[in-house]
Amino acid sequence: MIQLRNVSYTYPEATTPALNGISLDIAAGEVCAVIGPNGAGKSTLCYTIAGFAPYHFRGELTGEVVVDGRRTVEHPLGELVKHCGLVFHNPLNQISGARYTVREEPAFGLENLGMPRPYMQARVNDVLELLGIAALAERSPFELSGGQQQRVALASILVMGPRVLLLDEPTSQLDPHGTKEVFAAIKALSQTGVTVVLIEHKPELVAEFADRVIVLHGGQVQLDGAPRAVLADPRLPPLGVSVARYTQLAHTARERGLWPAQAPLPVTLDETVAGFELPSINPSSSRPAHGSGQ
Amino acid sequence: MIPLALEEVSFTYPSGVTALREISLTVAPGESVALIGQNGSGKTTLARHLNGLLQPSSGRVMIGDWDTRQHTVAKLAARVGYVFQHPEHQIFKRSVQDEVAFGPRNLGFAPARVAQLVEQALQATQLSTVADQHPHDLLPALRKRVALASVLAMDTPVVVLDEPTTGQDAQGVRAIGEIVERVRAGGRTIITISHDIDFCADHCSRLIVLGGGRVLLDGPRETVFAHGDILEQTAVEPPQLVRLAQRLRLPLAWEPQPLLAALEQSQRQR
Ligand SMILES: Nc1ncnc2c1ncn2[C@@H]1O[C@H](COP(=O)(O)OP(=O)(O)OP(=O)(O)O)[C@@H](O)[C@H]1O
Ligand SMILES: Nc1ncnc2c1ncn2[C@@H]1O[C@H](COP(=O)(O)OP(=O)(O)OP(=O)(O)O)[C@@H](O)[C@H]1O
Ligand SMILES: [Mg+2]
Ligand SMILES: [Mg+2]
C-alpha cells in the first residue's frame, strides 16, 4: 500500500536531510508504529507519504514514494489527500475555525468532497459516536478541553474515510480510557483494510496495537520488526527511545535471577505478570513450573 | 513563598458549561502537586483560576494574601507562572534569549538580575546552545521548552505546567522531570497537570484527582493509588509498576527497588 524506495528529503534551507535513504514497504491493513527521539524525522516521514513534502513544504525529495499505486510526485496534493488522511500532532492546526460547532467541523471536509447532505450527516454522527464526542456535537470546537479538541481533529480526518491514515501522536492529550477507545477504533479500521502509520511515544500502546514497529533516528530506519522484538531491544535506550517500565524492571530482575534467564523480556503488562508468576524461576529450584506464563 | 487557597470555587463558562463545582483546597509553599483526571474534568479550568485568567463564578481564589478578583492578570503573573497546554501560542519574540528575557524584564527586574534569570532558565531547560535561534525554527519539542524557560525565568513562587511532557522524547521527559525537582528544591510550589501518571508518580508527592469538576481524591501517592475504583471513574490508570504490583499481589510500589525487593522475598518463600 505504501512503498518508499531510497527516499531522502531535505527541507528548504536545511543543511542536512530530514529523511536519509529510507526504503519501506507497508502492507494494506497494517498498523505500523513509528518511534524515535525528537527530530528523528517521524513527522517528516508522514508528510512525505502524504505528499505535503515536497508540495506544501517545498524542499527536495529524491527516491520514489508510491501510495495506493500512485507516485506522489505525479498527482496534485488535492487528489492525494482524498486517499491519505494526516492527523497533525497539535489539534489546533487541524481545526479549520471555519465552523461553529463540533458537528459542522468534520462535515466541512465532506462538503468539499461534494458528498450529499443526508449521507454526510449520518457519517458525521457515526464518527462522533466512535470517538466519544457525540455529546459535544453542538459545542464550539474552541470551547473544549485539550483532549476533546484532539478527538475533534481526529474525527475530521476519519470522517473522510481515507485508505491510508497517518497519525502523529493522535492521543497525546487523551486520558487512558480515551486513548484505548481511539486505538481500538483505529485497529478496527485497519481490519477493514485501512493502512495506518502511527507516531507514538508510549511503548505500552505500541505493544498492544501495532503490528510492526519502525525506529527512526537521524532520518534513517534503525530497527524494524514485530513489537515483541523491537520494544525489548537493548539498542532502544541508546537510540533515545525509552522502554516500558515493566520491561526495564524485568531486565533488572533477570540480572538478579528473578526473571527466567531464557525467557524473552516482556513488552506488555500481561506478559510481565505471567513471567513473574512462574513458580520456578530459579533453575536450581526443584519445583516444576505449571505453565501460567510462557 | 506563598500558599494557595481555593475556597468553594465553582465556575461556569459563558456558554453554560459548569467546569468546577465547589472546589476547596489549599497548597502549601514548596509542595509538588499533580492535578490529574479524565479529559474535561476541569484541570485546565482550575489552573486558569490561579493566574486570574478566569474568575470563579462563586467562591474565591487566594494567591497568598491576594484575592484573584482584586488583582490584574499582569500583576498575578509575578506570583503564578503558567505554561499553557499549547505553548506555541505563547511565543512571539525573535530569539529564544529575547523570548525568555521578556517576562522578567516585564516584571521590572534589574538588567543584571534579568540576565542571571535567563541564563539559569536556559540552562535548566537545556536550551543554552540555541539561545540565539528563532523560536519558530526549533523542533516543536524544544519550542515547548522555550515556553517553560520563559516562565521559569520570571522566578514566580508558584509554577503551573499544563501537560509538560506531551511530544517530548525520553531525554526531554527526563529534562522536564529535573526541572520540576529543581523548582521544588528551591522551595517554590509546582503544580503539574498531566495524563502521564508515571511522570506524576516520579515527581509529585501529592496528587489531586478531579472528576466532573470536583475533587475526588487528594493525598499522597500511596493513598491515591490504592483507590483503584475511584481512579477508574475518572479514567486514571495507576503507574505501570503500581499496576504490576497489584496484579502480583505485592505491596504497592511505583519505583523499581521496593518492587524488586518484594519479588525477591516472595520468590524465596515459594
Ligand atoms: N518545517 C521545517 N523546516 C525545516 N526543517 C524542519 C521542518 N520540520 C522539521 N524539520 C527538521 O527535520 C528534522 C526531522 O524533524 P521531524 O519534525 O520530522 O522530527 P520528529 O521525529 O517528528 O520529531 P518530534 O518527536 O519532535 O516530533 C529535524 O532536524 C527538524 O529540525
Ligand atoms: N473555553 C471554553 N468554553 C466553554 N467550555 C469550555 C472551555 N474550555 C473548556 N470547556 C469545558 O469545560 C470542561 C472542563 O474543561 P478543561 O479544559 O478544564 O478540562 P481538562 O481537565 O483540562 O481536560 P483535558 O485533559 O482534555 O485537557 C469541559 O467540559 C470542557 O468542554
Ligand atoms: Mg514530529
Ligand atoms: Mg486541559
Side-chain angles (χ1 to χ4, degrees), chain A residues 35-40 43 89-93 132 136 139-140 143-151 168-169 171-180 201-202 204 236-237 240-249 252-253 256-259 269-270 272-273 276-277 279-282 285 287, chain B residues 13-15 17 19 36-45 84-86 88-89 137-142 162-163 165-174 193 195-198 231-232 234-237 239-241 243-244 246-248 250 254-257 259-260 263-264 266-268 270:
Chain A
I35 62 178
N38 294 139
S43 298
H89 172 51
N90 181 347
L92 297 177
N93 292 340
L136 306 175
R139 296 250 214 115
S140 155
E143 296 182 343
L144 297 176
S145 81
Q148 291 166 341
Q149 277 177 339
Q150 197 165 31
R151 288 181 217 220
D168 198 344
E169 297 180 58
T171 65
S172 57
Q173 299 179 58
L174 296 196
D175 62 47
H177 288 185
T179 300
K180 293 250 165 77
H201 282 290
K202 299 186 194 94
E204 195 172 8
L236 283 185
V241 178
S242 52
V243 301
R245 295 192 182 210
Y246 41 74
T247 306
Q248 180 65 46
L249 184 91
T252 314
R256 299 196 194 169
L258 298 169
W259 179 265
L269 191 62
D270 284 347
T272 316
V273 172
F276 281 122
E277 272 177 347
S280 150
I281 279 176
N282 188 337
S285 159
R287 291 171 60 185
Chain B
Y13 280 100
S15 63
V17 176
I36 58 181
Q38 74 188 128
N39 292 130
S41 57
K43 305 180 295 295
T44 298
T45 305
F84 291 106
Q85 197 159 352
H86 293 288
E88 293 85 347
H89 307 275
D137 289 341
L138 298 177
L139 280 175
L142 288 187
D162 202 342
E163 299 286 358
T165 62
T166 55
Q168 301 287 324
D169 63 12
Q171 190 210 328
V173 173
R174 265 197 305 278
I193 298 176
H195 293 293
D196 184 344
I197 193 72
D198 287 297
L231 295 179
E232 172 76 20
T234 188
V236 173
E237 261 188 358
Q240 290 175 12
L241 296 187
R243 282 182 280 144
L244 180 62
Q246 286 168 339
R247 295 270 303 271
L248 293 170
L250 294 173
W254 53 90
E255 283 170 338
Q257 288 321 319
L259 194 51
L260 285 164
L263 277 165
E264 199 150 28
S266 84
Q267 292 195 1
R268 226 183 280 125
R270 291 202 283 212

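Every chain is numbered from 1 and lettered A, B, ... according to where its sequence line falls, protein lines coming before strand lines.
In this structure, chain B has a heavy atom under 4.5 Å from the side chain of Lys180(A), while its backbone stays farther away. Proximity to chain B (any heavy atom under 4.5 Å) is shown, for Ala244(A), by both the backbone and the side chain. Neither the backbone nor the side chain of Val173(B) comes within less than 4.5 Å of any heavy atom in chain A. For a residue to count as touching a neighbouring chain, one of its non-hydrogen atoms must lie under 4.5 Å from one of that chain's; by this rule Gln246(B) does not touch chain A. Using a 4.5 Å cut-off between heavy atoms, Asp196(B) does not touch chain A at all. Proximity to chain A involves both the backbone and the side chain of Leu244(B), based on heavy atoms less than 4.5 angstrom apart.
Between Leu248(B) and Val273(A), the closest side-chain pair of non-hydrogen atoms falls below 4.5 Å. With a 4.5 Å cut-off on side-chain heavy atoms, Leu144(A) and Arg151(A) do not count as touching.
Partners of Arg243(B) by salt bridge (Lys or Arg N to Asp or Glu O under 4.0 Å), not counting sequence neighbours, listed by chain and number: Glu204(A), Glu237(B). Residues that satisfy the side-chain hydrogen bond (donor to acceptor under 3.5 Å, both in side chains) test with Thr44(B), not counting sequence neighbours, are Gln85(B), Asp162(B).
Not one N or O on the side chain of Asn39(B) forms a donor-acceptor pair closer than 3.5 Å with the backbone of Ser145(A). The main-chain N or O of Leu263(B) is found under 3.5 Å from a side-chain atom of Ser266(B) such that the two form a donor-acceptor pair.
A donor-acceptor contact closer than 3.5 angstrom is absent between the side chains of Gln173(A) and Thr166(B).
With chain A as partner, the option from Gln168(B), Lys43(B), Glu163(B), Gln171(B) having the largest number of non-hydrogen pairs under 4.5 angstrom is Gln168(B). Of the residues considered (Ala170(B), Pro256(B), Gly172(B), Gly167(B)), Gly167(B) shows the highest number of contacts with chain A, using heavy-atom pairs under 4.5 Å. Taking Thr45(B), Leu139(B), Leu259(B) one by one and counting their heavy-atom pairs under 4.5 Å with chain A, the maximum is reached by Leu139(B). When the candidates Pro37(A), Ser242(A), Gly178(A) are compared by the number of heavy-atom contacts under 4.5 Å with chain B, Pro37(A) comes out ahead.
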